[in-house]
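Only one structure is covered here, and it is reproduced in the block below.
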Amino acid sequence: MAVAFDEMNGLGEDLRPAYQELSRWLKETPPDALEYRRQEAELLFRRIGITFAVYGDAEAQERLIPFDVIPRIMSATEWTLLEKGLKQRVLALNMFLKDIYHGRDILRANVIPEDLIFQNPVFRPEMNGQDVPHDIYVHIAGIDIIRTDPDNFIVLEDNARTPSGVSYMLENREIMMRLFPDLFARHRVAPVDRYPDELLSALRSVAPHSASAEPTVALMTPGVYNSAYYEHSFLADKLGIELVEGRDLIVKNDEVFMRTTEGLKRVDVIYRRVDDDFLDPLTFRPDSALGVPGLMSAYAAGNITLANAVGTGIADDKAIYSYMPDIVKFYLSEEPILKNVQTWRCREPQDLSYVLDNLTDLVVKEVHGSGGYGMLIGPAATKATIEAFRDKLKREPEGFIAQPTLALSTCPTCTDKGLAPRHVDLRPFVLTGSSHTTIVPGGLTRVALKEGSLVVNSSQGGGTKDTWILSE
């Protein structure tokens, strides 16, 4: 694998401009003072109760995501380029989703094979021909970005269903400001605390036409046993909206109401953190206790906005991801600003043959996988794991894609042995309202805490960092 680009020192020992002040501060700060503040940060996270659950892990029902106190820093110029590329990509994603549930021009033009859409388990035929307010399907997108050199940001994954992690972006910043005021004083860091206002404004802007002048927004959670429940309650609180479960909602005459102490109150927009399958037992899984009977008929009648829209899972699909450069060109007649990772579609015989011959060098992912599960990282895998994956690929090639093992960029990180480089990615959050798209400067930087590891997911032992975008 190639040598990783270090965001502080570049590819050599040249300190990059954005990190100069941090470097000075680190030289002036005794290691034990840094360690003391690191422990203080952990204590604060415990006190606030920021945890996530790991499914199937009997030993640790609730875990703290490790937080690294050394910020990741980007210049305003770098951010401007990234922001432009993210807006372009999310606009194309929204146009693609509208098209595949309506005119299907992209299929008629043979840009994407039909079976990749229609035989896809997350394609929702119920959405065929259904209009959604303002033609926006993805109101909140979390686009996972990696870097391999100073000039290029590359998209690793699109999260268009229910992207999570924004609570960590906000809490990380709050804790850094509390513990490191001296470091903040030396930088002009763009604020992230307007995210809740931007989100609420975007959600209100897409309310149905039948909504009142002050649309009512609610956040729908699967409940306390969901791994991201902390985030659901945190966001509802920050937005000043009700946190509801399916049982708190009722549908009457194709309108959605929530039960309150003063009786029923109409809801216009639901920011839902419940998967499509469980939304409405009359339309999807009849055994769902998390959903609201009749929700889809209120949706079809245009009386409720669901954010994100039903059926957006098709845009999360890793085989569809491989077509994103073509999707951007098809709808916008522009070259994509942000590149994709080179991807082999195992459903195509030629690609499958290449992947089977090169398993030891590649990363193989499930088309519908998430959270770092069901993945093969060839260079780090045992012979037995590689052979098991080879059998899976032969049996079910359409379920997988493969990518080269990229050297994700590294950032200085606190370890037991002092500061050391660790691989990172970035998840910026893109908000699309009726009239404009906004991206709070920053996002969630995830860091692989194990030396040499490329897996940044919290469920696989990754941590997080605060992301600083320097103002001009």
Side-chain angles (χ1 to χ4, degrees), residues 1-7 11 54 56-57 116 143-149 152-159 316-325 338-411 413 415 420-427 445-463:
M1 199 167 78
V3 176
F5 163 70
D6 187 76
E7 303 206 1
L11 287 164
V54 180
D57 186 340
L116 208 51
I143 310 290
D144 291 347
I145 303 284
I146 58 170
R147 291 183 87 162
T148 52
D149 60 42
N152 288 301
F153 293 102
I154 302 172
V155 177
L156 188 61
E157 213 167 275
D158 300 294
N159 296 286
D316 279 11
D317 183 286
K318 290 180 179 64
I320 297 291
Y321 159 91
S322 68
Y323 288 96
M324 272 309 290
L338 299 175
K339 293 192 176 91
N340 260 25
V341 179
Q342 183 183 3
T343 302
W344 290 276
R345 305 171 192 125
C346 298
R347 69 201 298 276
E348 294 175 15
Q350 203 177 340
D351 283 14
L352 177 64
S353 166
Y354 176 83
V355 171
L356 290 171
D357 288 347
N358 294 278
L359 273 180
T360 50
D361 302 322
L362 299 173
V363 175
V364 184
K365 297 177 181 176
E366 289 180 355
V367 167
H368 304 299
S370 65
Y373 293 105
M375 219 163 86
L376 172 80
I377 299 181
T382 62
K383 270 189 177 164
T385 309
I386 286 174
E387 289 317 309
F389 247 88
R390 189 183 302 282
D391 292 343
K392 271 193 208 173
L393 282 167
K394 287 177 178 169
R395 268 200 321 272
E396 199 198 332
E398 68 287 348
F400 296 90
I401 54 113
Q403 294 171 333
T405 312
L406 294 177
L408 275 64
S409 63
T410 57
C411 281
T413 302
T415 74
R422 292 290 183 264
H423 296 289
V424 292
D425 78 352
L426 176 67
R427 178 176 291 181
T445 287
R446 300 183 300 175
V447 52
L449 295 171
K450 292 175 193 151
E451 190 174 355
S453 170
L454 295 168
V455 184
V456 296
N457 305 73
S458 51
S459 52
Q460 311 287 318

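The first residue of the sequence shown is numbered 1, and numbering continues consecutively from there. Just so it is clear, the structure is predicted and the values come from calculations on it, not from any experiment.
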(message) Rounded at 0.5 Å granularity, tell me how far CD1 in Ile145 sits from CG in Leu408.
(response) 11.5 Å
(request) State, yes or no, whether a side-chain contact exists between Phe153 and Ile146 at a heavy-atom distance under 4.5 Å. (result) no
(message) I want to check something: taking the side chain as every heavy atom from C-beta on, are Leu406 and Val341 in contact at a cut-off of under 4.5 Å?
(response) yes
(request) Looking only at non-hydrogen atoms, find the nearest pair between Pro397 and Leu352 and report the distance. (result) CB-CD2, 3.9 Å
(request) Determine the minimum heavy-atom distance between Val367 and Ala319, stating which atoms define it. (result) CG1-N, 3.9 Å
(request) State whether the side chain of Tyr321 and the backbone N or O of Asn340 hold a donor-acceptor pair below 3.5 Å, judged by distance alone. (result) no
(message) Do Leu338 and Ile143 make a side-chain contact, defined as non-hydrogen atoms from C-beta onward lying under 4.5 Å apart?
(response) no
(request) Quick one: closest heavy-atom pair of Thr148 and Ala407, and the distance? (result) CG2-O, 3.8 Å
(request) Taking Asp144 for its side chain and Glu157 for its backbone only, find out whether a donor-acceptor pair lies under 3.5 Å. (result) no
(request) Applying side-chain contact (heavy atoms from CB on, under 4.5 Å), run through Leu449 and Ser453 and close with a yes or a no. (result) CA-CA 7 Å; Leu449 295 171; Ser453 170; over 6 Å; no
(message) Counting C-beta onward and ignoring hydrogens, is there a side-chain heavy-atom pair between Val424 and Val456 closer than 4.5 Å?
(response) no
(request) Verify side-chain contact (heavy atoms from CB on, under 4.5 Å) between Leu156 and Gln403, making sure each step is shown before the conclusion. (result) CA-CA 10 Å; Leu156 188 61; Gln403 294 171 333; 4.2 Å; yes
(message) Test side-chain contact (heavy atoms from CB on, under 4.5 Å) on Asp391 and Glu387; report intermediate values, then the result.
(response) CA-CA 6 Å; Asp391 292 343; Glu387 289 317 309; 5.6 Å; no
(message) For the CE atom of Met375 and the CZ atom of Phe400, what is their distance to the nearest 0.5 Å?
(response) 12.5 Å
(message) Between the side chains of Arg147 and Asp425, is the shortest nitrogen-to-carboxylate-oxygen separation below 4.0 Å, so that they form an ion pair?
(response) no
(message) Please check this pair: side chain of His423 against backbone of Leu454, looking for a donor-acceptor N/O pair closer than 3.5 Å.
(response) no
(message) I need the minimum non-hydrogen distance between Cys411 and Asp6, along with the two atoms involved.
(response) N-OD1, 4.0 Å
(request) Give a yes or no on whether a salt bridge exists between Glu366 and Lys318, defined as a side-chain N under 4.0 angstrom from a carboxylate O. (result) no
(message) Measuring from atom OG of Ser409 to atom CD1 of Ile154, what distance do you get when rounded to the nearest 0.5 angstrom?
(response) 10.0 Å
(message) Any side-chain to backbone donor/acceptor pair from Asp317 onto Ile320? Under 3.5 Å, distance only.
(response) yes
(message) One pair to check against side-chain contact (heavy atoms from CB on, under 4.5 Å): Val364 and Lys392. What are the steps and the verdict?
(response) CA-CA 11 Å; Val364 184; Lys392 271 193 208 173; over 6 Å; no
(message) Rounded at 0.5 Å granularity, tell me how far CZ in Arg427 sits from CG in Asn159.
(response) 4.0 Å
(request) State, without any angle test, whether Thr410 and Arg422 hold a side-chain donor-acceptor pair at a distance under 3.5 Å. (result) no
Show me the donor-acceptor pairs within less than 3.5 Å that the side chains of residues 376-385 make with the rest of the protein, sequence neighbours left out.
{"from": "Thr382", "atom 1": "OG1", "to": "Thr385", "atom 2": "N", "distance (Å)": "3.1"}
{"from": "Thr382", "atom 1": "OG1", "to": "Thr385", "atom 2": "OG1", "distance (Å)": "2.7"}

(request) With the side chain counted from C-beta on, respond yes when Val155 and Lys339 share a heavy-atom pair under 4.5 Å apart, and no when they do not. (result) no
(message) Keeping Arg345 on the side-chain end and Asp351 on the backbone end, is there a donor-acceptor pair under 3.5 Å?
(response) no
(request) Could you label the plane-to-plane angle of the Tyr354 and Trp344 rings as parallel, tilted or perpendicular, counting under 30° as parallel and over 60° as perpendicular? (result) parallel
(message) Can you tell me how far apart CG (Leu356) and NZ (Lys394) are? Round to the nearest 0.5 Å.
(response) 6.0 Å
